[in-house]
Amino acid sequence: MTAARELLSGPALRVAPRLLGAVLVSDIGGASVAVRITEVEAYEGAADPASHAFRGPTPRTAVMFGPPGGLYCYFTYGMHWCANVVCGTDGVAAAVLLRAGQIVEGADTAFARRPAARTARELARGPARLASCLALDVTTNGVDLCDPASPVRIEGVRRRRPPRVVAGPRVGISVATDRPRRFWVDGDPTVSTFKAGGRRAGAPKRP
DNA sequence: AGGACGATTAACT
DNA sequence: GTTAATCGTCCTC
């Protein structure tokens, strides 16, 4: 196994903070776009009711049950794609959702793919925005991020989490809030706005 | 075969 | 602060 894949293998809670600062590179449609990851979320498999893999493997979640280093892309809300890095080993479904990042290469292409973006910092601020900047969709589902021949690759995965990492609750999730599973680079302007527990910013749910 | 809903975003008031 | 857009997936007949 390659060193990079080794670093991507293991429980999502351990791999997730490691991805902060790593760079995802996409070579699609003749253009190269790269994003430095600034915000992620950990999704475990059977033990995590918020995970797509919670109810066992399906055609959609097959990649999540595959080898670590895979790219799991899924379609949501009838219009958006989001992307995960698969990290589970031995048939255990686990993945890290890529929530936000800073475009470090191919900004012109990213702007062309995201006409609504007015500034560079909002290009990849949010999981669906990040995916669209890199043209991640059904055609990239399951690609091996550790294969130099892949159209999408990951570089610079660290052995330990970088400095200034903060943890908190996942976004858009109202179950399994027992512990923080979202990690981001503190103070980074590309990190998405915080929305806890399945509702928009505001007071926590009261019984 | 039918229907509810979502790991979201953009555009509103 | 609120809400529409829009459709694949999965659960329930």
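Values below: all heavy atoms of this structure, side chains included; hydrogens, waters and symmetry mates excluded. Note on naming: letters A, B, ... go to the chains in the order of the sequence lines (proteins, then strands), and numbering restarts at 1 for each one.
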* To do: Return the value, rounded to whole Å, for the distance between atom CD of E39(A) and atom C1' of dA7(B).
  => 11 Å

* Asked: Rounding to a whole Å, what distance do you find between L97(A):CG and dT8(B):C1'?
  -> 11 Å

* **Protein-nucleotide distance (L98(A), atom CG; dT8(B), atom P), rounded to Å** => 13 Å

* Structure fact -> Whole-Å distance, R55(A) CZ to dC5(B) P, equals 13 Å

* Ring geometry between W81(A) and F75(A) (parallel below 30°, tilted from 30 to 60°, perpendicular above 60°) -> tilted

* **For atom NE2 of H80(A) and atom P of dT9(C), their distance in whole Å** => 16 Å

* Rounded off to whole Å, could you give me the CG-to-C1' distance for the N141(A) and dG8(C) pair? => 13 Å

* Asked: Does M79(A) have any side-chain contact (heavy atoms from CB on, under 4.5 Å) partners at least two apart in sequence or in another chain, and if so, which?
  -> none

* **Sugar-phosphate, base or nothing in reach of A128(A), heavy atoms under 4.0 Å** => sugar-phosphate

* Are V85(A) and V143(A) connected in a single hydrophobic cluster, I mean Ile/Leu/Val/Met/Phe/Trp/Tyr linked by side-chain heavy atoms less than 4.5 Å apart? -> yes

* May I ask which nucleotide in the shown strands pairs with dA7(B), Watson-Crick or G-U wobble, both distances under 3.5 Å? => none

* To do: Run the salt-bridge test on D188(A) and R164(A) with the 4.0 Å N-O cut-off and return the result as yes or no.
  => no

* Is there a side-chain polar atom (N or O) of H52(A) under 4.0 Å from OP1 or OP2 of dT9(C)? -> no

* Asked: Just wondering, do Y43(A) and dA7(B) stack (centres under 5.5 Å, planes under 30°)?
  -> yes

* Report the base-pairing partner of dA1(B) (Watson-Crick or G-U wobble, both distances below 3.5 angstrom), or none. => dT12(C)

* Between dT8(B) and R99(A), is there an OP1 or OP2 to side-chain N/O distance shorter than 4.0 Å? -> yes

* To do: Kindly point out which of dA5(C), dC10(C), dA7(B) is positioned nearest to the side chain of M79(A)?
  => dA5(C)

* Can you check the L130(A) CG to dA7(B) P distance for me, whole Å? -> 17 Å

* Asked: Going by modelled atom types, is there a donor-acceptor pair between the base of dA7(B) and the side chain of Y74(A) at under 3.5 Å?
  -> yes

* Structure fact -> When rounded to whole Å, the CZ to P distance for the pair F75(A) and dC10(C) reads 14 Å

* C1' gap between dG1(C) and dA7(B), integer Å -> 23 Å

* Asked: Where the side chain of R114(A) is defined as all heavy atoms beyond and including C-beta, which of dT8(B), dA10(B), dC10(C) is the nearest nucleotide?
  -> dA10(B)

* Asked: For residues S32(A) and E105(A), is any side-chain donor paired with an opposing acceptor at under 3.5 Å?
  -> yes

* Does OP1 or OP2 of dT8(B) have a side-chain N or O of T76(A) closer than 4.0 Å? -> no

* Looking only at atom C1', what distance separates dT3(C) and dC5(B), rounded to whole Å? -> 16 Å

